[in-house]
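See structure below.
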Amino acid sequence: LEKMTDLVAVWEVALSDGVHKIEFEHGTTSGKRVVYVDGKEEIRREWMFKLVGKETFTVGATKTKASINIDAVSGFAYEYTLEINGKSLKKYMENRLKTTNTWILSLGGTDYRVVLEKDTMDVWCNGQKMETAGEFVEDGTETHFTIADHNCCIKAVSSGKRKEGIIHTLIVNDREIPEAVE
């Protein structure tokens, strides 16, 4: 494996199926562009005469659209920005905080990352979309699933306040798991 001498940018992107590492190599003398997602080469271009532009690729199991914009700042200095689904990484992550809930927990010595996509009610655990069963209960809904023989349930209850909306709580083995901040 050749040494990444032209590595100019590294980003960590939290998606429903996990946290992905995106690395970008830009050879400003050779015109080389290489994009790695989780250590795997996604794009390689040699001898690009145009040093500015955009590289588009997908990330993760959900094939989320990503692109790296290469802009000249001054002289031979370049700026690299990552966009996810057409939004800047910052905007994407801010929006994600509103549309998902994430919990990190340990069961029997194994760490799990559980993500709820609020718009679809899809539940992901360590990169896998979970088989779930939803039911209406007196004060809201419950979404049931299993992680390594442990019964899990995400309770959705109205906060009673319009601004807050619905509160989602993960319960594993009758224990409430605090929400993680990514």
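Computation of the quantities below employed the complete heavy-atom set of this structure, encompassing side-chain atoms and omitting hydrogens, waters and symmetry-equivalent molecules.
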Problem - Ion pair check, Glu55 and Arg33, cut-off under 4.0 Å - result: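 Yes.
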Mind checking what makes side-chain contact (heavy atoms from CB on, under 4.5 Å) contact with [X], not counting sequence neighbours?
| X | value |
| --- | --- |
| Thr141 | Phe136, Ala156 |
| Lys118 | Asn101, Leu116, His168 |
| Glu12 | Val19, Lys21 |
| Lys161 | Ser159, Glu164 |

Closest heavy-atom contact between [X] and [Y]?
| X | Y | value |
| --- | --- | --- |
| Arg96 | Ala14 | NE-O, 3.0 Å |
| Trp11 | Tyr80 | CZ2-O, 3.7 Å |
| His150 | Val172 | CB-CG1, 4.2 Å |
| Ala72 | Val52 | N-CG1, 3.5 Å |

Problem - Hydrophobic cluster partners of Leu97 (side-chain heavy atoms under 4.5 Å) - result: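 When side chains under 4.5 Å apart are linked, Leu97 ends up in no cluster with other residues.
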Exercise for the section: May I ask you to list the residues sharing a hydrophobic cluster with Trp47, side-chain cutoff 4.5 Å, ordered by chain and number? Expected result: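 Under the 4.5 Å side-chain rule, Trp47 groups with nothing.
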When clusters are formed by joining ILVMFWY residues with side-chain heavy atoms under 4.5 Å apart, either directly or through shared neighbours, do [X] and [Y] land in the same one?
| X | Y | answer |
| --- | --- | --- |
| Ile70 | Leu51 | yes |
| Ile104 | Val115 | no |
| Met48 | Val34 | no |
| Ile171 | Ile167 | no |

Exercise for the section: Please indicate whether Asp174 has more than 12 foreign heavy atoms, meaning atoms of other residues, nucleotides or ligands, lying under 6.0 Å from its CG. Expected result: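 At most 12 heavy atoms, drawn from other residues, nucleotides or ligands, come within 6.0 Å of this atom.
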Problem - Other residues, nucleotides, ligands: >12 heavy atoms within 6.0 Å of Glu46 CD - result: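 Correct, the count exceeds 12.
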Nearest-0.5 Å distance that lies between atom [atom1] in [X] and atom [atom2] in [Y]:
| X | Y | atom1 | atom2 | answer |
| --- | --- | --- | --- | --- |
| Asp119 | Lys98 | CG | NZ | 13.5 Å |
| His20 | Leu15 | NE2 | CG | 4.5 Å |
| Cys153 | Asn173 | SG | CG | 12.0 Å |
| Tyr36 | Phe57 | OH | CZ | 13.0 Å |
| Tyr112 | Leu105 | OH | CG | 8.5 Å |

Handout entry: Flag, side chain of Asp139 to backbone of Val157, donor-acceptor distance under 3.5 Å
Key =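 Absent.
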Practice task
Would you list the pairs meeting salt bridge (charged side-chain N to carboxylate O under 4.0 Å, His left out) in which at least one residue belongs to residues 59-71, sequence neighbours left out?
Solution key: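 Output for this query is empty, none listed.
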Tell me which donor-acceptor pairs under 3.5 Å the side chains of residues 142-149 have, and how far apart each pair is, sequence neighbours excluded?
residue : atom : partner : partner atom : Å
Glu142  : OE1  : His144  : NE2          : 3.1
Glu142  : OE2  : Lys155  : NZ           : 2.6
His144  : NE2  : Glu135  : OE2          : 2.8

Practice task
Taking side-chain hydrogen bond (donor to acceptor under 3.5 Å, both in side chains) as the test, write out the residues that go with Thr64, two or more places apart.
Solution key: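 Applying side-chain hydrogen bond (donor to acceptor under 3.5 Å, both in side chains) to Thr64 gives Thr62.
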Are [X] and [Y] side-chain neighbours, meaning at least one heavy-atom pair lies under 4.5 Å?
| X | Y | answer |
| --- | --- | --- |
| Ile22 | Val59 | yes |
| Ile68 | Lys54 | no |
| Trp103 | Ile154 | yes |

Practice task
Applying side chain to side chain contact (heavy atoms under 4.5 Å, CB included), run through Glu25 and Val8 and close with a yes or a no.
Solution key: CA-CA 6 Å; Glu25 285 184 39; Val8 293; over 6 Å; no
Let me check something: any side-chain donor-acceptor pairs from residues 120-130 under 3.5 Å, sequence neighbours excluded? List them with distances.
residue : atom : partner : partner atom : Å
Thr120  : OG1  : Glu117  : OE1          : 3.3
Thr120  : OG1  : Asp122  : N            : 3.2
Thr120  : OG1  : Asp122  : OD2          : 3.3
Trp124  : NE1  : Glu117  : OE2          : 3.3
Asn126  : OD1  : Arg113  : N            : 2.7
Asn126  : ND2  : Asp111  : O            : 3.1

Identify every side-chain donor-acceptor pair in residues 81-92 under 3.5 Å, counting partners at least two apart or on other chains, and give the distances.
residue : atom : partner : partner atom : Å
Glu83   : OE2  : Asn69   : ND2          : 3.1
Ser88   : OG   : Lys91   : N            : 3.2
Lys90   : NZ   : Glu94   : OE2          : 2.7

Practice task
Tell me, please, which residues at least two apart from Tyr78 pass ring pair (Phe, Tyr, Trp, His ring centres under 6.0 Å).
Solution key: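 Expected list: His26.
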